[in-house]
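It should be emphasised that the depicted structure is a prediction, and the values quoted were computed from it without experimental measurement. We count residues from 1, following the sequence as given. Computed from heavy atoms alone, side chains included, the values below leave out hydrogens, waters and symmetry copies.
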Amino acid sequence: MQLVLTITEIAMLTFCVTGGGRTPVSIRHVWFATAPRQRDALLPTIYFHTRDPGLKPGFQRRSRWTSIVRIDREEADLLAGFSRNTRYKIQRAAREEPQLCVRHCDPSRPGTEARQGSLPLRYEDNLVTRSALLDGGEEISHQYIVDHQLQRVHLYTSQSRYQEIEDRGLRDRIGRANRWLHFNDMLHFRDKGFKYYDFGGYARAQTGTKLGNIDNLKQGFRGELIEENIFISWSIIAYNRLIYARPTTA
């Protein structure tokens, strides 16, 4: 199935990140825009996952890759599209973890209506959290930024104790359950009308490294690799250079 992302100037999320600590000014985070608006070059603004690859006056562009799976299809068809190893681990987790359960937390106040007004959202307005609890107490948690207009969910954070645990057997169980949760999340969001499951980034890292192993997990779901961009306004870059003598990260 060919991946076609339709993104318009209207269909974007704008979050207000309140200043504090080393950055006392508030910053606007804009997600999934077609291109940065020129008027934002003078404002503290960061555009995330923007499709336009061109250079924009007043912004620094940084390329980012992500892996996106089309999820608007039947469960069997979706599962068949994964790698053989990923299918095996999902099915084994379902067999071996009879106590696997999903905890689901929707945003306290959905941001779809607030987006139409003049006030920017807070991140918590559009964050959905889903977690799986293994028998024995281990928990895996996925947090998503959801955009109803674009029908896209973006994996914002993924947490577990996988890296901390030395027991190989438990690590393998967590790895299988993590894949099972990704699949379960895809089915959940599909049933809510979403079409695009975004794994939140793809590092294109060397095989065998930590990031390379994460890339390998994501590629097991056979998503399409998409190059998008982060645009950082020069007002933020200049602020960090002048005040803190450090580069801006995003």
Side-chain angles (χ1 to χ4, degrees), residues 1-17 23 27-71 120-121 123 126-127 142-147 149-158 182 194-241 244-250:
M1 181 179 293
Q2 185 179 6
L3 178 66
V4 179
L5 286 173
T6 303
I7 299 180
T8 66
E9 183 71 19
I10 297 176
M12 60 185 182
L13 299 172
T14 301
F15 300 104
C16 181
V17 180
T23 307
I27 298 176
R28 295 171 69 246
H29 287 184
V30 183
W31 287 73
F32 310 130
T34 305
R37 293 178 294 197
Q38 196 59 51
R39 68 192 187 201
D40 289 334
L42 299 177
L43 302 174
T45 307
I46 302 177
Y47 279 80
F48 293 93
H49 289 268
T50 300
R51 296 301 303 278
D52 192 331
L55 299 178
K56 303 300 176 184
F59 289 92
Q60 182 181 97
R61 182 181 69 86
R62 299 178 183 177
S63 176
R64 290 292 186 273
W65 288 82
T66 191
S67 176
I68 299 181
V69 178
R70 280 289 298 262
I71 58 175
L121 307 173
Y123 266 95
N126 274 68
L127 286 179
H142 296 162
Q143 195 170 53
Y144 298 91
I145 293 176
V146 298
D147 190 313
Q149 287 190 4
L150 288 181
Q151 300 173 308
R152 174 174 176 173
V153 297
H154 172 94
L155 182 64
Y156 190 55
T157 63
S158 177
H182 278 296
F194 291 91
K195 292 183 179 180
Y196 309 107
Y197 186 93
D198 175 358
F199 270 99
Y202 188 82
R204 305 176 79 188
Q206 182 178 353
T207 301
T209 64
K210 179 180 177 181
L211 290 178
N213 291 337
I214 295 174
D215 283 349
N216 183 62
L217 180 151
K218 294 176 180 179
Q219 273 303 92
F221 289 88
R222 294 294 190 258
E224 183 173 343
L225 292 182
I226 300 293
E227 184 178 15
E228 297 180 317
N229 301 279
I230 295 175
F231 286 91
I232 305 172
S233 68
W234 275 102
S235 59
I236 294 178
I237 294 171
Y239 182 89
N240 284 329
R241 286 181 178 174
Y244 300 119
R246 62 182 176 91
T248 302
T249 59

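- The distance from the CG atom of Leu150 to the NE2 atom of His49 is 12.5 Å, given to the nearest 0.5 Å.
- Counting only heavy atoms from C-beta outward, the side chains of Tyr197 and Phe221 never approach each other to under 4.5 Å.
- At a threshold of 4.5 Å between non-hydrogen side-chain atoms, the residues Ile46 and Ile230 count as touching.
- For the pair Ile236/Pro44, a side-chain contact is recorded, criterion being any heavy-atom separation below 4.5 Å from C-beta on.
- The main-chain N or O of Thr45 is found under 3.5 Å from a side-chain atom of Ser233 such that the two form a donor-acceptor pair.
- Checked by atom type and distance alone, the side chain of Lys56 never pairs as donor or acceptor with a backbone atom of Arg61 at under 3.5 Å.
- Note that CD1 of Ile71 is 9.5 Å distant from CD of Gln151, once rounded to the nearest 0.5 Å.
- Counting all heavy atoms, side chain and backbone alike, Gln60 lies closest to Trp234 at N-NE1, 4.0 Å.
- Across Ser67 and Gly223, no two heavy atoms sit closer than the pair OG-CA, 3.5 Å.
- Proximity of Arg37 to Tyr47: side-chain heavy atoms (C-beta onward) are separated by under 4.5 Å at one or more points.
- Using a 4.5 Å heavy-atom cutoff, the side chains of Thr50 and Pro36 are in contact.
- Sorted by first then second residue, the side-chain hydrogen bond (donor to acceptor under 3.5 Å, both in side chains) pairs that include residues 198-212, not counting sequence neighbours, are Thr66-Asp198, Arg152-Asp198, His154-Asp198.
- When side chains are defined from C-beta on, Phe199 counts as touching His182, because their heavy atoms get closer than 4.5 Å.
- Leu225 contributes atom CG, which lies 4.5 Å from atom CD of Gln219 (distance to the nearest 0.5 angstrom).
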For side chain to side chain contact (heavy atoms under 4.5 Å, CB included), just list the numbers for Asp147 and Trp31, CA-CA rounded to whole Å, side-chain angles, deciding distance to a tenth of an Å, and then say yes or no.
-> CA-CA 9 Å; Asp147 190 313; Trp31 287 73; over 6 Å; no
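- Considering every non-hydrogen atom in both Leu155 and Ser158, the closest pair reads CD2-CB, 4.3 Å.
- Taking 4.5 Å as the limit, some side-chain heavy atom of Leu127 sits within range of a side-chain heavy atom of Tyr156.
- Here the straight-line distance linking atom CZ of Phe32 with atom CD of Glu228 works out to 7.5 Å at 0.5 Å rounding.
- Within the 3.5 Å criterion, the main-chain N or O of Ile145 finds no donor-acceptor partner in the side chain of Asn126.
- To the nearest 0.5 Å, atom CH2 of residue Trp65 and atom CG of residue Asn229 are 10.0 Å apart.
- Contact of the Gln149 side chain with the Leu13 side chain is not registered, since no non-hydrogen atoms from C-beta on lie closer than 4.5 Å.
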